[in-house]
Amino acid sequence: MNAHEKSDHIAAYVDQAAALLGLTLAPEHRPGVVASLTLLGEIAGPLLDFPLPETLDAAPVFEP
Amino acid sequence: MSDLSHALAALDATGLAAAIRARKFSAREVVEAALSAIAQRDPALNCFTSLTPERALADAARTDGQIARGEDPGPLAGVPFGAKDLFDIQGLTTVAGSKILRGRPPATRDAAAVAALSQAGGALCGALNMDEFAYGFVTENAHYGPTHNPRDLRRVAGGSSGGSAAAVAAGLLPLTLGSDTNGSIRVPASLCGIFGLKPTYGSVSREGTFPFVDSLDHLGPFARSVRDLALAFDLLQSGAPTLPTLTRGMEGLRAATLGGYFAQNARPEALAAVERIADALGSAGRRAELPGSELARAAAYVITATEGGHLHLPHLRERAQEYDPATRDRLLAGSLAPAAWYAQAQRFRAYFREQARAAFTNGADLLLAPATPCAATEIGQKTMVLDGRELPVRANLGLFTQPISFIGLPVVCVPTWPSGTPGEGLPIGVQIIATPGRESDALRAAAALESAGVVSAPTATGKG
């Protein structure tokens with residue numbers, strides 16, 4: 001997927017996910033949201049690729 | 001400068017309370033001097049979003065009455081203090097740096113942390129500026145304006161607790177409260193050249209504060225001395241007191257400097273500051289690794305955007321245009337993020353905690369790392385160059401703080417002076433990281449460094 005296709009892909013996701021959540025994005029906010037989600041996806045990418053053991057618990061309420 | 005205004009600028013909270021208890025000054029005189037200094041200097045600094053002079057004077061009158069009657073006025077007797085704008089202050093609307101919350105009713109009581117300092121004798125002077133909803137590292141707030149760094153007014157104070165840090169660095173208040181989700185105490189402490197404590201996750205009650213990211217939010221104090229940090233922390237927490245441990249110095253403690261991720265993407269002055277601290281703690285050359293730190297930062301970023309976005313979803317549906325543009329797009333994007341990203345980030349948290357445990361069990365009680373990759377950047381500056389790469393300022397000032405708060409470790413941020421002369425040039429902070437619940441270890445190291453003159457937080461009186 002090239003950068004242009006990826007951006008279209010994320011823009012389509014943003015529109016669908018926003019509709020699912022009942023969130024109406026103002027046209028002037030949409031490019032910034034697409035850019036922010038693109039960045040978030042780039043940051044999350046290597047994290048998702050990291051193989052975690054199946055037995056590892058999540059830590060939503062964290063107890064150090 | 002009068003004796004009193006000199007004392008206000010020079011003394012830490014402990015020293016000021018002692019002077020008030022010894023009747024050198026009345027609490028009322030001290031609070032009036034603080035309010036006067038704020039009126040004179042804050043227009044150029046923009047630390048405060050609200051002032052509470054009536055409250056401060058009433059608190060001072062209570063202290064003076066207690067002293068006159070021979071009662072114990074508390075360890076913070078008459079000490080002027082302030083709290084980041086996300087702590088509830090009775091009678092004020094908590095706006096958390098936003099426009100959206102302005103229409104809410106005033107808080108009916110103080111946040112638990114504010115109440116604790118108040119009950120100890122502190123005189124509350126006002127609410128302090130921040131990035132909107134604590135989502136940022138620069139305190140360039142679109143609604144309330146930027147907070148200026150007292151060390152150089154053209155530069156940012158850091159964020160998101162920028163007003164809290166700048167007020168202490170400028171000598172307007174000796175003690176303030178802030179919050180830290182990804183570095184919001186440690187980044188402004190570093191850029192303003194003062195001490196900051198981000199305690200262990202969960203050790204200080206967040207009751208009565210406006211939340212940001214439940215999984216990562218911490219509260220803590222800023223001060224110009226280590227003993228003030230310890231005193232304030234002991235008032236906020238319910239564990240064993242840390243203040244009596246400070247005299248023990250580094251006895252029995254070993255520090256190691258974090259390599260890998262924490263030795264890259266930093267300006268030379270940030271790495272040199274860590275080396276100076278390591279030398280002074282007798283740990284020069286001792287290294288430790290924290291594998292997975294880059295992914296920890298990524299996971300903290302994902303959790304922040306997702307939980308923050310979710311928290312704000314009701315307002316984003318109705319009033320997105322009223323958000324600070326710097327905050328809005330990231331919250332909107334976070335509210336839409338796929339669940340798989342969030343779930344992986346939460347599971348990575350458990351994994352990374354084990355990496356940190358291993359780093360500590362390999363012989364170190366304390367880990368050292370830069371607090372920020374550089375000293376304060378200029379207000380309005382968009383990018384900075386780190387290791388030859390041009391990177392956005394806003395996203396990268398918390399590069400070294402995010403992986404640490406991600407797993408809730410306690411950190412004391414200590415101020416160093418690359419110029420070699422405390423108070424001259426721009427400061428930069430170093431993180432002293434301890435194991436969970438061992439704030440006293442980090443505070444003891446900070447106190448040893450302070451005694452040796454290696455770290456210090458002189459008041460910025462001249463340029464502010």
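For clarity, every value in this text was computed on a predicted model and none was experimentally measured. In what follows, chains carry the letters A, B, and so on, assigned in the order in which the sequence lines appear, proteins first and then strands, with residues in each chain numbered from 1.
- A:Leu52 is listed as a side-chain neighbour of B:Gln344, based on a closest heavy-atom distance under 4.5 Å.
- Using a 4.5 Å cut-off between heavy atoms, A:Ala26 makes no contact with chain B at all.
- Formation of a donor-acceptor pair under 3.5 Å by the A:Tyr13 side chain with backbone atoms of B:Leu336 is found in this model.
- Contact of B:Ala305 with chain A is made through the side chain alone, with heavy-atom distances under 4.5 Å.
- Closest non-hydrogen pair, A:His29 versus B:Asp329, comes out as O-OD1, 4.1 Å.
- For the atom pair B:Arg349 CZ and A:Leu56 CG, the distance stands at 12.5 Å (nearest 0.5 Å).
- Ranked by heavy-atom pairs under 4.5 Å with chain A, the first of B:Leu295, B:Thr435, B:Leu216, B:Thr200 is B:Leu295.
- Heavy atoms closer than 4.5 Å to chain B are found nowhere in A:Leu20, neither backbone nor side chain.
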Taking it one step at a time, do B:Tyr301 and A:Leu40 satisfy side chain to side chain contact (heavy atoms under 4.5 Å, CB included)?
CA-CA 8 Å; B:Tyr301 196 101; A:Leu40 192 56; 3.3 Å; yes
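- For a residue to count as touching a neighbouring chain, one of its non-hydrogen atoms must lie under 4.5 Å from one of that chain's; by this rule B:Pro325 does not touch chain A.
- Interface check for chain A: of the options B:Thr306, B:Leu332, B:Val302, B:Leu331, the most heavy-atom pairs under 4.5 Å are formed by B:Leu332.
- Counting only distance, with no hydrogens or angles, the side chain of B:Glu294 and the backbone of A:Pro46 share no donor-acceptor pair below 3.5 Å.
- Around the CD atom of B:Glu322, the shell of radius 6.0 Å holds more than 12 heavy atoms that belong to other residues, nucleotides or ligands.
- At distances below 3.5 Å, not a single donor-acceptor pair connects side-chain atoms of B:Arg330 with backbone N or O atoms of A:Leu37.
- With contacts defined as side-chain heavy-atom distances shorter than 4.5 Å, the pair A:Leu23/B:Ser335 qualifies.
- Annotation: B:His310, atom NE2; neighbour count of heavy atoms from other residues, nucleotides and ligands within 6.0 Å does not exceed 12.
- Without hydrogens or angle criteria, B:Arg317 side chain to A:Thr24 main chain gives no donor-acceptor distance under 3.5 Å.
- Under a cut-off of 6.0 angstrom, the local environment of CZ in B:Arg438 is sparse, with at most 12 non-hydrogen atoms contributed by other residues, nucleotides or ligands.
- Residues B:Arg328 and A:Val33 fail the side-chain proximity criterion, which asks for heavy atoms closer than 4.5 Å.
- Both the backbone and the side chain of B:Ala345 come within less than 4.5 Å of a heavy atom of chain A.
- For the set A:Asp57, A:Leu39, A:Ile43, the entry with the most heavy-atom pairs within less than 4.5 Å of chain B is A:Ile43.
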